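Note sheet for the following structure.
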Amino acid sequence: MADKTAISPTRSEDFPEWYQQIIRAADLAENSETRGCMVIKPWGFAIWELIQSDLDARFKATGHQNAYFPLLIPLAYLEKEADHAEGFATECAVVTHHRLEAEKDPETGKTRMIPSGKLTEPYVIRPTSETIIGAAFSRWIESYRDLPLLINQWANVMRWEMRPRLFLRTAEFLWQEGHTAHETVAEAILETKTMHQVYHDFLRDILAIPAVMGEKTEAERFPGAEMTLTVEAMVQDKKAIQAGTSHYLGQNFSEAQDISFVDRNNKKQFAHTTSWGVSTRLVGTLIMAHSDDDGLVLPPRVAPQQIVIIPVTPKPDTRNAIIDACNALANTLRTHTFHGQPLRVHVDSRDLGGGQKKWEWVKKGVPIRLEIGPRDLESRKVCVSRRDQAHNDKTFVNREEFLQQVQETLDSIHQNLLARTSSFREHNTQPCSSFDAFEQHWSRPNPGWLLTPWAGSRQEEEKLSKEHKITIRCLPLAEQKGDEAPCILTGKATKQRALWGRSY
RNA sequence: CGGGGAGUAGCUCAGCUUGGUAGAGCGCCGGCUUUGGGAGCCGGAUGUCGCAGGUUCGAAUCCUGUCUCCCCGACCA
């Protein structure tokens with residue numbers, strides 16, 4: 001039993017299957033009858049809500065306001081920006097009717113609903129909202145005094161993906177999309193960079209994931225963007241996952257949609273726009289970054305419950321006293337705060353075996369488990385287990401001492417997870433200057449990332465990508481100021497560095 | 001959307017080749033015994049066999065269509 005894992009298969013045996021088992025064991029989500037769409041269950045949704053509320057505060061702190069735009073976009077809107085239209089064309093769900101008519105089968109007597117009332121102008125279910133928000137912007141913006149316009153929307157979007165995977169790629173997903181309009185290029189680019197930094201900091205400070213900040217190459221850019229900035233995370237199978245993007249859209253959308261204003265010299269100008277977003281994919285990223293073979297591992301700041309107290313009640317006569325003590329401790333803990341919010345504490349007093357409860361919370365990834373039994377009651381101690389340590393590790397701590405150190409302990413769990421993911425990424429990211437070594441690298445199982453000098457063309461990039469099933473994840477911002485070196489493919493001297501990897 | 005696999009109890013699956021209208025383990029519920037631990041024994045409940053047609057006296061089983069899931073590709077947050 002000692003070496004048996006709660007999740008089977010393990011990460012090393014079958015990573016994709018392990019991922020799905022984590023979701024099930026932690027009760028995060030399940031597939032629905034609707035193709036490619038998931039039901040997000042309470043534990044999974046609570047994680048998303050925590051992500052949402054933290055990000056929302058960051059958006060507001062940087063001057064943005066929330067608003068809401070229609071789910072359905074007139075087809076014609078999508079035809080306005082050519083690159084954009086082409087980029088999303090293959091994954092759009094289209095609404096073509098507005099009524100159902102009941103039709104009774106004369107033989108079986110069953111009623112079937114037949115779409116009728118065909119629309120002359122079909123609608124597209126938003127795959128992203130640049131076009132419909134742009135249409136509003138063009139009405140709202142008249143003068144330079146109306147700028148900047150800084151809007152965010154929390155919404156669901158739909159992209160008819162061919163290979164859905166829970167959280168990582170679902171046909172419908174939840175996200176936020178920021179859309180802003182600015183007077184000048186410089187302001188718009190500053191906005192793009194600001195939100196890029198917001199995403200990076202959020203990933204580090206809330207999800208305990210170190211992301212590489214970089215710019216996408218032209219081939220990987222958002223359809224219709226002039227510049228796409230990305231935060232790239234590495235998960236435990238060494239693949240990359242694009243955790244968030246921030247786009248400078250130039251005047252492409254403003255020209256297409258007439259988002260124009262009269263400037264300080266009484267001249268008509270097109271606004272410079274940006275858009276940026278993160279999605280429920282963050283939950284998938286979180287799972288794959290931290291979880292282990294015993295289940296989900298949650299960084300404390302996105303744990304729906306940060307501390308679970310399990311009463312150990314071996315004897316009926318002390319049972320009530322123990323449960324009272326657990327509730328009292330929980331209430332005291334709830335008066336403590338962690339990063340400005342009351343601690344989230346749960347007492348699991350269900351009438352179940354202790355082992356069963358323990359494993360449930362291990363699998364759900366709760367950062368701290370406390371057990372209190374008769375002996376602890378007498379000695380005024382609590383038995384503490386941390387999710388970032390082995391499931392059978394426990395330390396007995398004085399109750400007062402635990403209360404004093406609880407924030408510190410949660411912070412230490414966060415730091416420990418961050419240190420773990422950081423060193424994993426560092427160990428699996430290698431500089432590479434030889435083309436032979438580069439090509440050999442990708443034939444290995446689970447290859448990590450390579451950082452190479454790169455001065456190739458878009459065509460050359462796409463050819464290499466196809467050949468090795470890799471992509472340039474980004475041109476990391478921190479790596480572009482070094483010495484010149486020969487491009488790995490063309491040999492041309494360049495300061496540019498590209499980060500290559502397999503990705504989700 | 002191409003190639004492969006699969007849909008039978010909450011979960012994992014057997015039964016299907018050779019049609020005769022359902023089974024196991026785990027889980028669930030109850031009882032007793034246990035209790036620093038995912039315990040034991042006894043008893044119990046649960047399925048229009050993905051959906052729709054067809055063949056047949058009779059279909060989980062054969063045929064056709066369709067939907068969904070998984071794996072590989074192309075596409076992607």
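Every value quoted in this text rests on a predicted model; they were computed, and no experiment measured them. Just so we're on the same page: letters track the sequence lines, and every chain starts at 1.
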Q. Who is the Watson-Crick or G-U wobble partner of B/rC13, with both distances under 3.5 Å?
A. B/rG23

**Q.** Pairwise P distance, B/rA60 and B/rU21 [rounded to whole Å]
**A.** 9 Å

Q | A/Glu161, nearest nucleotide to its side chain (from B/rG36, B/rA77, B/rC71) | A | B/rA77

Q: Consider the side chain of A/Asp376, meaning its heavy atoms from C-beta on, and name the nucleotide among B/rC75, B/rC76, B/rG36 that approaches it most closely.
A: B/rG36

Q) Can you tell me how far P in B/rC1 sits from the matching atom in B/rC62, rounded to whole Å? A) 27 Å

Q: Find the distance A/Ile372:CD1 to B/rG37:C1' and express it as a whole number of Å.
A: 16 Å

Q. Would you say a side-chain N or O of A/Arg24 is under 4.0 Å from OP1 or OP2 of B/rC11?
A. no

Q. How long is the span from the CD atom in A/Gln305 to the CH2 atom in A/Trp43, to the nearest 0.5 Å?
A. 5.5 Å

Q.
Before you tell me yes or no, could you show the steps for A/Ile372 and A/Val312 under side-chain contact (heavy atoms from CB on, under 4.5 Å), namely the whole-Å CA-CA distance, both residues' side-chain angles and the distance that decides it to 0.1 Å?
A. CA-CA 6 Å; A/Ile372 299 179; A/Val312 179; over 6 Å; no

Q.
Any base atoms under 4.0 Å from A/Gly353, or only sugar-phosphate, or nothing? Heavy atoms, all strands.
A. nothing

Q | Closest to side chain of A/Phe173, choosing from B/rG36, B/rC76, B/rA77 | A | B/rA77

Q) How close or far is atom C1' of B/rC76 from atom OH of A/Tyr504, stated in whole angstroms? A) 15 Å

Q: May I ask which nucleotide in the shown strands pairs with B/rC62, Watson-Crick or G-U wobble, both distances under 3.5 Å?
A: B/rG54

Q. Name the one of A/Ile287, A/Val362, A/Asp292 that satisfies side chain to side chain contact (heavy atoms under 4.5 Å, CB included) with A/Val297?
A. A/Asp292

Q | B/rA6 - base-pair partner by Watson-Crick or wobble geometry, distances under 3.5 Å | A | B/rU68

Q. Where the side chain of A/Thr170 is concerned, which of B/rG36, B/rC72, B/rA77 is the nearest nucleotide?
A. B/rA77

Q | Any A/Gln242 side-chain nitrogen or oxygen under 4.0 Å from OP1 or OP2 of B/rC76 | A | no

**Q.** Interatomic spacing from NZ in A/Lys118 to OG1 in A/Thr96 - rounded to 0.5 Å
**A.** 7.0 Å

Q) Expressed as a whole number of Å, how far does the C1' atom of B/rG27 sit from that of B/rG44? A) 14 Å

Q: Taking atom C1' in both B/rC49 and B/rG20, compute the distance separating them and give it to the nearest angstrom.
A: 16 Å

Q) If you round to the nearest 0.5 Å, how far is CH2 of A/Trp449 from CZ of A/Arg425? A) 6.0 Å

Q) With both distances under 3.5 Å as the test, what is the Watson-Crick or G-U wobble partner of B/rU35? A) none

Q) Can you tell me how far C1' of B/rC11 sits from NZ of A/Lys363, to the nearest Å? A) 12 Å

Q: Under 4.0 Å between any heavy atoms, over every strand shown, what does A/Ile310 touch: base, sugar-phosphate, or nothing? Just pick one.
A: nothing

Q. Are the ring of A/Trp175 and the base ring of B/rA77 both nearer than 5.5 Å at their centres and tilted by less than 30°?
A. no

Q | Rounded distance (Å) that lies between atom C1' of B/rA77 and atom CE of A/Met195 | A | 17 Å

Q) Do A/Trp154 and A/Asp56 have side-chain N/O donor and acceptor atoms under 3.5 Å apart? A) yes

Q. Considering heavy-atom distances to RNA chain B, does A/Gly87 or A/Thr313 have its closest nucleotide positioned more toward the 5' end?
A. A/Thr313

Q: Determine, stepwise, if the pair A/His346 / A/Trp361 fulfils ring-ring contact (aromatic ring centres under 6.0 Å, His included).
A: CA-CA 11 Å; A/His346 177 70; A/Trp361 295 113; 5.4 Å; yes

Q.
Between B/rG58 and B/rG65, how far apart are the two C1' atoms, rounded to whole Å?
A. 23 Å

Q: With RNA chain B as reference, determine whether A/Leu352 or A/Ile241 sits nearer its 5' end, using the nearest nucleotide of each.
A: A/Leu352

Q: Compare side-chain N and O positions of A/Gln356 against OP1 and OP2 of B/rG36 and report whether any pair is under 4.0 Å apart.
A: no

Q.
Nearest 0.5 angstrom please: A/Leu229 CG to A/Thr245 OG1, how far?
A. 9.0 Å

**Q.** C1' gap between B/rC51 and B/rC29, integer Å
**A.** 31 Å

(Q) Give me the distance, rounded to whole Å, that separates B/rG3 from B/rA77 when you measure between the P atoms they each carry. (A) 26 Å

Q: Grab the CD-P distance between A/Glu91 and B/rA77 for me, whole Å please.
A: 7 Å

Q. If we call it a pair only when both distances are under 3.5 Å in a Watson-Crick or G-U wobble match, what pairs with B/rC28?
A. B/rG44

Q: Give the rounded distance in Å between these two atoms: CD of A/Glu360 and C1' of B/rG27.
A: 12 Å

Q. Do you know which of A/His64, A/Gln176, A/Glu177 makes side chain to side chain donor-acceptor pair (under 3.5 Å) with A/Asn152?
A. A/Gln176

Q) Choosing from B/rG37, B/rC71, B/rG36, which nucleotide comes nearest the side chain of A/Arg375? A) B/rG36

(Q) At a heavy-atom distance below 4.0 Å, what parts of residues 459-473 of chain A sit against RNA chain B? (A) A/Lys469

**Q.** Between C1' of B/rG31 and CG of A/Asp351, the distance in whole Å
**A.** 14 Å

Q. Of all of residues 274-284 of chain A, which get a heavy atom below 4.0 angstrom from RNA chain B, listed by number?
A. A/Ser279, A/Arg281

Q) Looking at B/rG37, does its base get a donor-acceptor pair with the side chain of A/Lys394 below 3.5 Å? A) yes

Q: Quick one: label A/Arg159 by what it contacts on the DNA or RNA (base, sugar-phosphate, nothing), any heavy atom closer than 4.0 Å.
A: base

Q | Any strand: nucleotide that pairs with B/rC49 via Watson-Crick or wobble, under 3.5 Å | A | none

Q: Name the pairing partner of B/rG73, where a pair is Watson-Crick or G-U wobble with both distances under 3.5 Å, or state none.
A: B/rC1

(Q) When the C1' atoms of B/rA59 and B/rC16 are compared, how many Å lie between them, rounded to an integer? (A) 10 Å

Q.
Applying the side chain to side chain contact (heavy atoms under 4.5 Å, CB included) criterion to A/Asn252, which one of A/His84, A/Glu226, A/Glu130 satisfies it?
A. A/Glu226

